[in-house]
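Report on one structure; see the data block that follows.
Residue numbers start from 1 in every chain, and the chains themselves are labelled A, B, ... in the order their sequence lines are given, proteins ahead of strands.
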There are 2 protein chains.
Amino acid sequence: MNDMISGATRNTRQRSEVLALLDEIADFRTPQQLHALLRQRGAQVGLTTVYRTLQLLQDAGEVDATRLPGGEQLYRRCGASHHHHLVCRSCNATVEVRGPAVERWTERIAAEHGFTDIGHTLEIFGTCSRCSR
Amino acid sequence: MNDMISGATRNTRQRSEVLALLDEIADFRTPQQLHALLRQRGAQVGLTTVYRTLQLLQDAGEVDATRLPGGEQLYRRCGASHHHHLVCRSCNATVEVRGPAVERWTERIAAEHGFTDIGHTLEIFGTCSRCSR
DNA sequence: CTGCGTGCAAATAGTTTGCAGTTCA
DNA sequence: TGAACTGCAAACTATTTGCACGCAG
């Protein structure tokens, strides 16, 4: 029964819809994509509200945020385990990869330089076997 | 004598000014900042030209590009070898880090999935010691 | 000469904000 | 009831593009 965002926030239909969608997807999407998906499924939510809700969720630590090489924001429900993507340059096929070693490496490097509150982005690009033939 | 960008490019005053500034600075700046600096020193260069020149330089491998968590592009005259960045979320201080282990790891993972022609992006964000106080 | 380069102005793209009306607690 | 929320439209920011003119080679 707890669809709510923790804190002094109100439990509105719109927010529930955004959260429900994020739970279903579990993968990175732009606010615009999320908004489009919501409309497709008939949910009546404004783009502005999607942005504001994602902002709230991020502040509350409920979602992860990254950025595309092109600069757009990407959000994803977090809590599910952290992973990265291996993406094909020509067909966009995506493989999820996990790299505990890399996570540890980034933590260590950052700590060595006195940085705290560490996060990172890692994307791998290549040509998949089907496309390289 | 070789202020020029390699390739079929022309050696104009504007391009020389941009390159000269980049050489002086050696640290990450946004196109807007670079443009402002050029005007301050009396160089007559349009913002458009700064953007276009940076694009060219990036294609030519003469500059490094990253992105602020806020989304803006950052450019810097580039050191040759491949490296990644550890960037402070609040003051944008940047540390170059090298990670042979990560390079190898990405190669291996990608190869395991049948991908070829591999490249990757890795950025580490955190709060530097000065800002976390 | 010839066409790449330049810079203004206008167009884009993504995101944020003002504000009047709506809704949850 | 009343503060928080919503959504439209307009504002904003960073970046790109159209186009007429200018300059390098």
Side-chain angles (χ1 to χ4, degrees), chain A residues 1-21 28-60 62-76, chain B residues 1-21 28-60 62-76 87 92:
Chain A
M1 266 254 64
N2 191 1
D3 252 11
M4 289 204 56
I5 303 164
S6 60
T9 52
R10 241 175 232 182
N11 187 13
T12 65
R13 177 182 54 75
Q14 288 89 334
R15 288 183 182 171
S16 299
E17 310 241 46
V18 172
L19 266 172
L21 180 59
F28 282 108
R29 291 286 183 285
T30 64
Q32 313 256 359
Q33 290 174 325
L34 293 169
H35 178 242
L37 289 168
L38 285 169
R39 311 221 97 190
Q40 265 178 42
R41 58 158 72 183
Q44 180 69 8
V45 184
L47 178 58
T48 311
T49 300
V50 173
Y51 274 105
R52 284 196 277 228
T53 302
L54 289 169
Q55 191 59 60
L56 264 162
L57 289 167
Q58 187 179 6
D59 293 346
E62 296 281 330
V63 297
D64 259 0
T66 308
R67 222 167 261 273
L68 231 42
E72 301 99 330
Q73 290 266 23
L74 291 175
Y75 293 95
R76 168 183 73 168
Chain B
M1 263 233 64
N2 192 1
D3 252 11
M4 290 205 56
I5 303 165
S6 59
T9 52
R10 244 175 230 183
N11 188 13
T12 65
R13 176 183 53 76
Q14 287 89 333
R15 289 182 182 172
S16 299
E17 310 240 47
V18 172
L19 266 173
L21 179 60
F28 281 106
R29 291 287 183 284
T30 64
Q32 312 259 357
Q33 290 174 324
L34 292 170
H35 177 243
L37 289 168
L38 286 169
R39 311 223 97 190
Q40 265 178 42
R41 58 157 73 181
Q44 180 69 9
V45 183
L47 178 57
T48 311
T49 300
V50 174
Y51 274 106
R52 285 195 277 228
T53 303
L54 289 169
Q55 191 58 59
L56 263 162
L57 289 168
Q58 186 180 6
D59 294 345
E62 297 281 329
V63 298
D64 251 2
T66 307
R67 218 170 264 274
L68 233 41
E72 302 98 331
Q73 291 265 23
L74 291 175
Y75 293 95
R76 178 182 62 170
V87 187
N92 295 322

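- Comparing D:dG25, C:dA25, D:dT15 by their closest approach to the side chain of A:Asn11 singles out C:dA25.
- Atoms CD (A:Glu17) and P (C:dC24) sit 12 Å apart, rounded to a whole Å.
- Nucleic acid contact for B:Gln33: none, since no nucleic acid atom lies under 4.0 Å from a heavy atom of the residue.
- Closest to the side chain of A:Pro31, out of D:dT15, C:dT15, D:dC8, is C:dT15.
- As a whole-Å value, the separation of A:Leu54 CG from D:dT6 P is 12 Å.
- If you take CD of B:Glu72 and C1' of C:dT16, they are 14 Å apart, rounded to a whole angstrom.
- With B:Tyr51 as reference, B:Leu47 is the one residue of B:Leu47, B:Leu54, B:Thr48 to meet the side-chain contact (heavy atoms from CB on, under 4.5 Å) rule.
- In this structure the side chain of A:Tyr75 never reaches within 4.5 angstrom of the side chain of A:Leu57, judged on heavy atoms.
- In this structure, B:Arg52 and B:Arg13 both approach DNA chain D, and ranking their closest nucleotides by distance from the 5' end singles out B:Arg52.
- Residue B:Gln14 places at least one side-chain N or O closer than 4.0 Å to OP1 or OP2 of C:dG7.
- Here the closest heavy-atom approach between residue B:Ser16 and residue B:Asn11 is recorded as OG-OD1, 3.5 Å.
- If you measure from atom CZ of A:Arg15 to atom P of C:dC24, you get 12 Å, rounded to the nearest angstrom.
- One can place CG of A:Leu56 at 12 Å from P of C:dT16, the figure rounded to the nearest angstrom.
- Contact record, A:Val45 with A:Arg39: O-NE, 3.9 Å, taken as the closest heavy-atom pair.
- Taking only side-chain nitrogens and oxygens, A:Thr12 comes nearer than 4.0 Å to OP1 or OP2 of D:dT6.
- Separating the CZ atom of B:Arg29 from the C1' atom of D:dA14 is a distance of 18 Å, rounded to the nearest angstrom.
- Using a 4.0 Å cut-off, some side-chain N or O of A:Gln32 falls inside it from OP1 or OP2 of C:dT15.
- Per the geometry, CG belonging to A:Asp59 stands 16 Å off P belonging to D:dA4, to the nearest Å.
- Distances were taken from every side-chain heavy atom of B:Thr48 (C-beta onward) to each of D:dT15, D:dG7, C:dA9; the shortest belongs to C:dA9.
- Side-chain contact between B:Val18 and B:Leu34: absent, with no pair of heavy atoms (C-beta onward) separated by less than 4.5 Å.
- Distance from the side chain of B:Arg10 is smallest to D:dC23 among C:dG7, C:dA25, D:dC23.
- When rounded to the nearest whole Å, the span between CG of B:Leu47 and P of C:dC8 equals 10 Å.
- For the pair A:Arg39 and B:Tyr51, nearest-nucleotide mapping onto DNA chain D gives the more 5' position to A:Arg39.
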